[in-house]
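Here is the structure we will look at, set down as structure tokens.
As the structure is a computational prediction, the values presented were derived from the model and not from experiment. This chain uses plain numbering: 1 for the first residue, then up along the sequence.
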Amino acid sequence: MPLQPRFYSISSSQIKYKNEIHLTVAVVKYQTEDGEGPEHYGVCSNYLESLDTDSNIYLFVRRFVRIFMKS
């Protein structure tokens, strides 16, 4: 079964980086049972962390629809 998509926010400016996308990703690693249990890893964040800085990845960009709350 393929992995479900992971959605991240783009943290770079289209004005400054016309042909690049920069992401801010928190690497997920944690232990259960008050730190005594097995270590668990976020699949995508740890994969991204393992890549070299100049690596290319396959991705898609999904448009964000702004939702404004009524005041």
Side-chain angles (χ1 to χ4, degrees):
M1 174 187 271
L3 290 173
Q4 293 295 314
R6 270 55 176 175
F7 299 110
Y8 297 97
S9 295
I10 296 172
S11 57
S12 55
S13 166
Q14 224 177 357
I15 295 169
K16 186 168 183 177
Y17 302 101
K18 292 246 185 248
N19 297 313
E20 296 180 15
I21 292 175
H22 299 191
L23 304 176
T24 302
V25 178
V27 178
V28 178
K29 295 179 186 176
Y30 63 94
Q31 283 184 277
T32 56
E33 301 171 22
D34 292 329
E36 301 296 324
E39 194 162 38
H40 297 272
Y41 300 92
V43 175
C44 189
S45 63
N46 281 274
Y47 168 72
L48 292 172
E49 180 187 40
S50 74
L51 297 174
D52 292 330
T53 303
D54 60 349
S55 296
N56 292 317
I57 60 170
Y58 295 97
L59 59 88
F60 67 93
V61 177
R62 182 177 76 160
R63 184 172 188 85
F64 174 73
V65 179
R66 290 187 183 253
I67 300 171
F68 294 97
M69 303 297 286
K70 294 180 181 179
S71 34

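Judged by distance alone, with hydrogens and angles left aside, the side-chain atoms of Q31 form no donor-acceptor pair with the main-chain N or O of E36 at under 3.5 Å. Of the possible donor and acceptor atoms, none in the side chain of R63 sits under 3.5 Å from a partner among the backbone N and O of V61.
A pairwise comparison of heavy atoms in V28 and N46 identifies O-ND2, 2.8 Å as the closest pair. For the residue pair S45 and Y8, the shortest heavy atom distance occurs at N-OH, 3.9 Å. Smallest separation of non-hydrogen atoms from T24 and S11: OG1-OG, 2.9 Å. A pairwise comparison of heavy atoms in L51 and S55 identifies CB-OG, 3.8 Å as the closest pair.
In this structure, R6 CZ and L48 CG are separated by 10.5 Å, a value rounded to the nearest 0.5 Å. Distance check, rounded to the nearest 0.5 Å: CD1 of I57 to CG of L23 gives 6.5 Å.
Applying the salt bridge (charged side-chain N to carboxylate O under 4.0 Å, His left out) test to pairs two or more places apart or on separate chains, those with a residue in residues 9-34 are K29-E49.
Relative ring orientation between H22 and Y17 is described as tilted, the plane-to-plane angle lying within the 30° to 60° band.
Taking hydrophobic clusters as Ile, Leu, Val, Met, Phe, Trp and Tyr residues chained together by side-chain heavy-atom distances below 4.5 Å, V43 does not share a cluster with Y30. Under a hydrophobic clustering in which Ile, Leu, Val, Met, Phe, Trp and Tyr are joined whenever their side-chain heavy atoms come within less than 4.5 Å, directly or via other members, V25 and Y41 fall into different clusters.
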